[in-house]
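Order of appearance sets the numbers: ligands from 1, and atoms from 1 within every ligand. Keep in mind it's a predicted model, so treat the numbers as computed, not measured. Heavy-atom basis, side chains included; hydrogens, waters and symmetry copies ignored.
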Amino acid sequence: MKRLGTFLSIVFVCLSAAFAQNAVPPAAQKAMNAIDAEKIRATVKYLSDDALQGRGTGQKGGDMAADWIAAQFKSYGLAPAGDQGTYFQKVNFFGVTTDPKQTRFAFVPKSGPEMALKFAEDYVANDQTHAQKSEIDAPIVFVGYGINAPEYNWDDYKGVDVKGKVLLMLVNEPPSDDPNFFKGRALTYYGRWTYKYEEAARRGAVGVVLIHKTEMASYGWEVVRNSWGGETSFLQEDKDPKLKSAGWIQLEVARKLAQASGMDLDKMLHDATSRSFKPVELPVRVKETIVSAVRNFTSRNVLAQVKGSDPKAAQQAILYTAHYDHLGIHADEPGDNIYNGAADNATGCGIVLELARVVAAAAEKPKRTMIFAAVTAEEQGLLGSKYLGQHPPIPAQNISLDLNYDDIQPLGEPQQLVVSGAERTSEYPLVEKIAKEFAMSIQPDDHPEAGHYYRSDHFSLARVGVPAFSVNEGALFKGHDLAWGEEKERDYVAHRYHQPSDQYQPDMDFTADAKLAKFGLVLGWQTANQADLVGWQPGDEFEKARKAGQ
Ligand SMILES: [Zn+2]
């Protein structure tokens, strides 16, 4: 009783201090204890079943998943948070599937034989322009990393006019251990392929050919091929400039191209690491006819909410996100061609649904509203969340925090937590405190060079200023050593990630998913009740967007 008295008196004096001292309200504790690993299993089993056809964006399976998730929200008693009082936010897309039979791609050197490339084996490409057929006959210019980053005093373009040209470039960014130079080993947005295409299109290039090198992309050629081999989707309302051909080539193809140009690829790669690098026009033209099947379609984000208990604070929210889409069916591939996406990302959906269920059932609600979003088209380049960020159910500046769940391997009880990007927000001390309560050490990103921060849906929210990060596990699990977890991770990336074999297995242990759900519940609840909204650390790249919205 003494504690309660102290609590009440502090509430009236200083709201934020009171919540810092009194961790979890009993209702939150109860909700947390109600989180059930087996319910998460049931969701994963259902969403990754062959009947859901890999939940492709704009495919029947994707729509089935959206309907099912909405039905779950409804059955848990959550209110809709989508368009016109529904659980759905409609997103208009166009989908492009490159026709491998009619599409032609060749390098034509000034002298020597033409090099015709084989689709999927040597290269992949998409036409971003909504055209059914585009022709390219253009010079090819090597632009190194294709980056213009004034804050790092780096410009690969050096003012060279690339209008109407095809640009050959590297993924990733110039290697460095200096934390003040492209954040050292960590990848910034400049290293992502999405940035490379955007920047080239802004400069009027007609095409981009990225050189695929596994250790630079941090994923193998199969991942590129599988991701580009099916349909690729674009937001209809996106007015940014687009490329006629956005593609990749295998490293060995780039080597042959360099040879045909009388150049040495290794030297080119090395030259690109220098600040004084200048674009090099190769004595080779690209001749390309790119034929696409184009269709317009609608897909949906699924949104539900639990209104906050404090009438004023309820106008602000904590957002939980997880993408429900995966890669669908690749009808032209032999054998099992259903990309079930059990880990990626039925697991995240299972967590968000379980959070929604226990919050909706809680006797007392958090002060701020909690919004739960299962978003579409993540695999197409974070498009569903991009749309959500640009059309949030409440203004973005009123969203205190987005916690995202993507691909939480069901491997048992995690003893490490990965929350990359959390340290960029004012939320970090609370994250550290709660991690400790859950007996998890915060693991710095093992592979900062992979740029995970820019590869999942929280990034779409960060872009509009919302402090956002993903919650995931490290490699250390109870009853195992670190090597075991690392081997599991390697095995997953090599044999299941973005492959039809990412399937539900009965021996999956969802303790991991439940624990991270509990962590997110406690963190979200306390954040929902604290006096101030979460912000970015001063000088962070997303601080400007946050301030612009306020
Ligand atoms: Zn994925």
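- Under the 6.0 Å distance and 45° angle rule, R295 counts as a cation-pi partner of F297.
- Because its NZ or CZ atom is both nearer than 6.0 Å to the ring centre of F88 and within 45° of the ring axis, R300 counts as a cation-pi partner of that residue.
- One distance of note links CD of Q132 with CG of D99; it measures 11.5 Å at 0.5 Å rounding.
- Residue contact annotation: H498 places an N/O/S atom under 2.8 Å from the Zn ion (ligand 1).
- The Zn ion (ligand 1) has an N, O or S atom of D344 inside 2.8 Å of it.
- For the pair R424 and Y453, the cation-pi criterion (under 6.0 Å, within 45° of the ring axis) is fulfilled.
- Here D406 does not reach the Zn ion (ligand 1): none of its N/O/S atoms is less than 2.8 Å from the metal.
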